[in-house]
Amino acid sequence: GESVGLHLPTLSVQEGDNSIINCAYSNSASDYFIWYKQESGKGPQFIIDIRSNMDKRQGQRVTVLLNKTVKHLSLQIAATQPGDSAVYFCAENRGAAGNKLTFGGGTRVLVKP
Amino acid sequence: GAGVSQTPSNKVTEKGKYVELRCDPISGHTALYWYRQSLGQGPEFLIYFQGTGAADDSGLPNDRFFAVRPEGSVSTLKIQRTERGDSAVYLCASSLAGSYEQYFGPGTRLTVT
């Protein structure tokens, strides 16, 4: 079935470098996308979102890019810090009533000192 | 303000037993969601409440799973005749009416022995 997925299961990055996490989605009807960060033993924490009528959105140290042509979503983290070590999930809302989210499998980011 | 809270944080039960998991959403959030997360995977949608009614229960795996939200605030997820395959982290999230932005609780880790 249609789902949200990720290209890289684990990403190791040097502290201070930029991180890029990628996500592919298959449902062209999806109109809203979110990136969540999940630390061990905790629930997912909202990072940033983007609607399908946008192709870029920036937050504090994070940028989300949306390419609807190839159904691709990415999260860029600038100047990665040790506290950024976590599992990152992309999720999509397919526009159906109820706002339920469909999550991908996650990418683990390991920040090396 | 207080976030989403879930109790208990951990629950160990024997196969065949009945369990109840509780979720206290953020005050004022009319939408409430239950998700289930298996190890190494993203959360999977179970059920969504708007107010007191279940607007979408399409994610409940079978009739052993049931959830209620009698007063439009606290919700209880009920699992009958638990099976080992029910072992997972059960996450609750809430959002304002009409908002896609869901805030997650820390989850309840359920272990069925």
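Every chain is numbered from 1 and lettered A, B, ... according to where its sequence line falls, protein lines coming before strand lines.
When heavy atoms are compared at a cutoff of 4.5 Å, B/Gln50 does not approach chain A at all. With a 4.5 angstrom heavy-atom cutoff, B/Gln6 does not touch chain A via any of its atoms. With a 4.5 angstrom heavy-atom cutoff, B/Ser58 touches chain A only via side-chain atoms. Heavy-atom distances place the side chain of B/Tyr35, and not its backbone, under 4.5 Å from chain A.
Of residues 43-57 of chain A, those residues lying under 4.5 Å from chain B by any heavy-atom pair are A/Gly43, A/Pro44, A/Phe46, A/Asp49, A/Arg51.
Under the 4.5 Å side-chain heavy-atom criterion for grouping Ile, Leu, Val, Met, Phe, Trp and Tyr, B/Phe49 is connected to B/Leu77 within one hydrophobic cluster. B/Val19 and B/Tyr90 fall within a single hydrophobic cluster, where Ile, Leu, Val, Met, Phe, Trp and Tyr side chains are chained together by heavy-atom contacts under 4.5 Å. Side-chain heavy atoms closer than 4.5 Å link hydrophobic residues (I, L, V, M, F, W, Y) into clusters, and following such links, possibly through other members, connects A/Leu11 to A/Val62. The hydrophobic cluster containing B/Tyr48 does not contain B/Tyr103, counting ILVMFWY residues as joined when their side-chain heavy atoms lie under 4.5 angstrom apart, directly or transitively. The hydrophobic clustering, which links ILVMFWY residues whose side-chain heavy atoms are closer than 4.5 Å, places A/Ile21 and A/Leu66 together.
The side-chain hydrogen bond (donor to acceptor under 3.5 Å, both in side chains) contacts involving residues 9-19 of chain B comprise B/Tyr18-B/Glu20, where partners must be two or more places apart or lie in separate chains.
By the neighbour-count criterion of 12 heavy atoms within 6.0 Å, atom CZ of B/Phe65 is densely surrounded, having more than that number from other residues, nucleotides or ligands.
The hydrophobic side chain of A/Leu65 is isolated, with no ILVMFWY side chain under 4.5 Å apart from it.
Contact of the B/Gln41 side chain with the A/Phe89 side chain is not registered, since no non-hydrogen atoms from C-beta on lie closer than 4.5 Å.
For the atom pair CZ of B/Phe104 and CG of A/Leu101, the computed distance is 6.0 Å after rounding to the nearest 0.5 Å. Atom NZ of A/Lys100 is separated from atom CG of B/Leu46 by 10.5 Å, given to the nearest 0.5 angstrom. Rounded to the nearest 0.5 angstrom, B/Gln102 CD and A/Ile34 CD1 are separated by 6.0 Å.
In terms of heavy-atom pairs under 4.5 angstrom with chain A, the leader among B/Gln37, B/Arg109, B/Glu44 is B/Gln37.
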**Request:** Dump the intermediate steps for ring-ring contact (aromatic ring centres under 6.0 Å, His included) on A/Phe103 and B/Phe45, then the final yes or no.
**Result:** CA-CA 9 Å; A/Phe103 283 79; B/Phe45 170 79; over 10 Å; no
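Take A/Tyr32 and apply the ring-ring contact (aromatic ring centres under 6.0 Å, His included) test, not counting sequence neighbours, and it matches B/Tyr100.
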